[in-house]
There are 2 protein chains.
Amino acid sequence: MKDEYTIGQLAKNSGVTVETVRFYVQKGLIKQPTPKSGYRKYSFDDIIKIKFIKRAQYLGFTLNEAKELLELRVNNRARCGQVKVKAEQKLDEVEKRIKDLNIMKRSLKKMINSCSNDEKFVTECPILECFEKDKRC
Amino acid sequence: MKDEYTIGQLAKNSGVTVETVRFYVQKGLIKQPTPKSGYRKYSFDDIIKIKFIKRAQYLGFTLNEAKELLELRVNNRARCGQVKVKAEQKLDEVEKRIKDLNIMKRSLKKMINSCSNDEKFVTECPILECFEKDKRC
DNA sequence: ATAAACCCTGTAGTACACTACAGAGTAAAG
DNA sequence: CTTTACTCTGTAGTGTACTACAGGGTTTAT
């Protein structure tokens, strides 16, 4: 577990491209290391950081939100409660989206089932009505 | 329920801005009406369409996907079978999206629960560890 | 009749999250 | 020692979904 990664090694180890690393550096998510030789050397912690960012994005956080979380992580005066509040906000968003998608799913299923006769015209298909009228199909 | 809306009235009635309507027209989601007088007049169906688009977007579909769905709706020469195929594709997408969101939901919930003491410092907060270690907390 | 409010076309700018070079320098392998 | 692979800085382009004008014309209310 060395601590001297070129940008390419960092990229490879954290599962992103070199360009993405540069992008994160530019956005201030990763600190730009000062080059001792010709190339800049990144640390193992930078791998951790990028994986953190990727996971945060997967969990529905934006890059800026990921940056905020990283700053909380780095700033150890921050309290657990602050992180919790952010997570709870995201949970609300996620739950709302799931609810709506389930409505959509039911609508689509109902349409597929009602669409037994392939020769029927679209106007007789119920899905788009469900969509339009905002009703619980 | 008149059928002669100026762009401003259309925008107001469908809950978007005038610029957004123009954007949808430009993108081909709304048909550009030919002006009888000086101003173009939109129909009640355009209100329905914009609400349809907004609902589709809210449910996680892109503008292009919304356009596809609208095209199915509008083209009544399309047969039920064609719509069915698209609906089945969308259903797969919706189910995948729900699955991913449920994973997110579970992760976020476990994170929140593990963060019982708000006064703990971030370094002691398990939320960020969950993030970092890529484990199913 | 005139002023405010609205509409027209067209172009440019914004935010997000990258992605793709160009042109030059550096490091490592054979 | 030369070739290949990698790195550097910097700028520009992509796609999505708007948002903001500029510089006109039109409608409506008073």
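If you're wondering where the values come from, they're calculated on a predicted model, not measured in any experiment. Within every chain, numbering begins at 1; the chains are lettered A, B, ... in the order of the sequence lines, protein sequences first and strands thereafter.
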**Complete:** B/Lys27 meets the side chain to side chain contact (heavy atoms under 4.5 Å, CB included) criterion, sequence neighbours left out, with B/Phe23, B/Leu29
Using whole Å, what does the distance between atom [atom2] of nucleotide [N] and atom [atom1] of [X] come to?
X: A/Asn64; N: C/dA17; atom1: CG; atom2: P; answer: 7 Å
X: B/Lys67; N: D/dT16; atom1: NZ; atom2: P; answer: 12 Å
X: B/Ile7; N: D/dG25; atom1: CD1; atom2: C1'; answer: 15 Å
X: B/Gln9; N: D/dT28; atom1: CD; atom2: P; answer: 9 Å
X: B/Gln57; N: D/dA17; atom1: CD; atom2: C1'; answer: 7 Å
X: B/Ile50; N: D/dA17; atom1: CD1; atom2: C1'; answer: 14 Å
X: A/Lys36; N: D/dC8; atom1: NZ; atom2: C1'; answer: 16 Å

**Item:** Contact summary for B/Ala11 and B/Val18, nearest pair of heavy atoms
**Value:** CB-N, 3.7 Å
**Prompt:** Where do B/Lys49 and B/Ile30 come nearest, in terms of heavy atoms and distance?
**Reply:** CB-CD1, 3.8 Å
What residues form a salt bridge (charged side-chain N to carboxylate O under 4.0 Å, His left out) with [X], not counting sequence neighbours?
X: A/Lys36; answer: none
X: A/Glu68; answer: A/Lys86
X: A/Asp92; answer: none

**Request:** Return no unless some side-chain N or O of A/Tyr24 is found under 4.0 Å from OP1 or OP2 of C/dC18.
**Result:** yes
**Message:** Would you say A/Thr6 places a side-chain N or O within less than 4.0 Å of OP1 or OP2 belonging to D/dC6?
**Reply:** no
**Prompt:** Between A/Ile53 and B/Gln32, which is nearer to the 5' end of DNA chain C once each is assigned its nearest nucleotide?
**Reply:** B/Gln32
**Prompt:** Do A/Lys12 and A/Gln9 have a side chain donor and acceptor closer than 3.5 Å?
**Reply:** no
**Message:** What's the closest nucleotide to the side chain of B/Arg40 if the choices are D/dT9, C/dC8, D/dA17?
**Reply:** C/dC8
**Request:** Just compare C/dC7, D/dT7, C/dC18 and give me whichever is closest to any side-chain atom of A/Leu63.
**Result:** C/dC18
**Request:** Assign B/Lys54 to base, sugar-phosphate, or nothing according to its heavy-atom contacts below 4.0 angstrom with the strands shown.
**Result:** sugar-phosphate
**Prompt:** In Å, rounded to the nearest 0.5 Å, how long is the span from CG of B/Leu10 to NZ of B/Lys41?
**Reply:** 12.5 Å
**Request:** Supply the atom-to-atom distance A/Phe52 CZ to A/Asp45 CG, rounded to the nearest 0.5 angstrom.
**Result:** 11.0 Å
**Fill in**
Going 5' to 3' through nucleotides 19-30 of chain C and flagging B where a protein heavy-atom sits under 4.0 Å of the base, S where only the sugar-phosphate is that close, and - otherwise, we get BBB---BBS---
**Request:** Compute the bend angle of the helix from C/dA1-D/dT30 to C/dG30-D/dC1 from the end axes (five pairs per end), rounded to 10°.
**Result:** 0°
